[in-house]
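The model shown is predicted, which means the values in this text are computed figures rather than measured ones.
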Amino acid sequence: MTTHEGRLTAPNDLKIGIAVSRFNELVTERLLEGALWAWKRHGGDEANIEIARVPGAFELPLAAKAMAETGRFSAVICLGCVIRGATTHYDYVCGQAASGIQSVGLQSGLPVVFGVLTTDTLEQAFERAGSKAGNKGAEAMDVALEMSDLLSQIKS
């Protein structure tokens, strides 16, 4: 029996694309900082990171698709923050962002990581972007590293 399990390492040939939303920038910048911190913690070189800034979470799938299609990246991370408001707009944005990000991963065969916070309040978002609940940006980087390694093991 063969078992594959990804490792949390950032080898020199690994390149990561990060698409990050500017909407709710106070939160998304913290997510990005968390992702970059995790990259460094696992031995990654910042020269192997490429960042694409998009207007909002709804635009993340298109940026992720463009990044995946270049063939330059081992994984793409999507970082965003959608906070519930008084209308149904929240539901549409969250649902389409999640669906689009998943679709890019399945179509490209790359790990395309959903690092989009979907919260009821700004306080909840801050909790997940570096305070009480950790940093979901750092967790997204961990997922990207682990899945990149796992897929390379399965394909070899």
Side-chain angles (χ1 to χ4, degrees), residues 6 8-105 108 110-149:
L8 290 174
T9 60
N12 290 335
D13 62 339
L14 195 71
K15 295 193 184 326
I16 303 289
I18 302 175
V20 60
S21 167
R22 289 190 312 268
F23 197 79
N24 289 319
E25 194 169 36
L26 287 174
V27 176
T28 61
E29 283 303 307
R30 290 180 180 196
L31 295 173
L32 179 58
E33 289 168 8
L36 296 174
W37 172 83
W39 175 252
K40 290 179 203 169
R41 179 177 53 130
H42 296 303
D45 180 351
E46 274 195 18
N48 291 343
I49 296 284
E50 191 170 320
I51 298 168
R53 295 188 183 273
V54 301
F58 196 81
E59 292 76 29
L60 288 168
L62 183 56
K65 182 177 187 287
M67 293 178 107
E69 287 175 345
T70 68
R72 294 194 309 262
F73 303 104
S74 300
V76 177
I77 299 170
C78 296
L79 300 175
C81 177
V82 185
I83 301 170
R84 186 179 302 278
T87 68
T88 58
H89 181 75
Y90 169 89
D91 298 315
Y92 294 109
V93 172
C94 293
Q96 293 303 308
S99 177
I101 290 167
Q102 180 187 38
S103 179
V104 172
S108 68
L110 286 180
V112 180
V113 181
F114 183 79
V116 179
L117 300 181
T118 57
T119 65
D120 290 323
T121 66
L122 183 59
E123 180 182 9
Q124 289 174 345
F126 280 126
E127 286 174 0
R128 289 158 180 75
S131 66
K132 294 181 200 174
N135 188 304
K136 299 303 179 186
E139 290 178 20
M141 181 60 76
D142 288 351
V143 169
L145 294 174
E146 185 175 341
M147 287 301 296
S148 295
D149 187 62

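- Of the possible polar contacts, one joining the T121 side chain to the Q124 backbone as a donor-acceptor pair under 3.5 Å is found.
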Any chance you could lay out the side chain to side chain contact (heavy atoms under 4.5 Å, CB included) test for L26 and F126, step after step, and finish with the verdict? CA-CA 9 Å; L26 287 174; F126 280 126; 4.1 Å; yes
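- For the residue pair L14 and A10, the shortest heavy atom distance occurs at CD2-CA, 4.2 Å.
- Proximity of a side-chain donor or acceptor of T28 to a complementary backbone N or O of S21 within less than 3.5 Å is detected.
- Residue-environment remark: CZ (F58) stays at or below the threshold of 12 foreign heavy atoms within 6.0 Å.
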Side chain to side chain contact (heavy atoms under 4.5 Å, CB included) between N48 and K15, intermediate numbers included: CA-CA 5 Å; N48 291 343; K15 295 193 184 326; 3.1 Å; yes
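- Distance check, rounded to the nearest 0.5 Å: CD1 of I77 to CD1 of I51 gives 10.0 Å.
- No side-chain heavy atom of W37 sits less than 4.5 Å from a side-chain heavy atom of M141.
- At distances below 3.5 Å, not a single donor-acceptor pair connects side-chain atoms of D142 with backbone N or O atoms of L8.
- Contact check for V76 versus I18: no side-chain heavy atoms found under the 4.5 Å cut-off.
- For the pair T118 and Y90, the minimum side-chain heavy-atom distance is below 4.5 Å.
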Just do the side chain to side chain contact (heavy atoms under 4.5 Å, CB included) check on V20 and E25 with the steps written out, would you? CA-CA 9 Å; V20 60; E25 194 169 36; over 6 Å; no
Show the atom names and distances, to 0.1 Å, of all donor-acceptor pairs under 3.5 Å that link a side chain in residues 95-102 to residues at least two apart or in another chain.
none

Could you pull out all donor-acceptor pairs under 3.5 Å where a side-chain atom in residues 78-85 meets a protein atom, sequence neighbours excluded?
residue, atom, partner, partner atom, Å
R84, NE, D120, OD1, 2.8

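- Considering only heavy atoms from C-beta on, V143 stays 4.5 Å or farther from E146 through its side chain.
- The shortest distance between side-chain heavy atoms of E139 and L31 does not fall below 4.5 Å.
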Which donor-acceptor pairs under 3.5 Å do the side chains of residues 61-69 make with protein atoms, sequence neighbours left out?
residue, atom, partner, partner atom, Å
K65, NZ, E69, OE2, 2.6

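- From R53, atom CZ reaches atom CD of E59 across 15.0 Å, with rounding to the nearest 0.5 Å.
- With S148 contributing its side chain and S74 its backbone, the two residues share a donor-acceptor pair below 3.5 Å.
- Looking at heavy atoms from C-beta onward, W39 lies in side-chain contact with I16 at the 4.5 angstrom threshold.
- Side-chain contact between L117 and V27 is present, with at least one heavy-atom pair separated by less than 4.5 Å.
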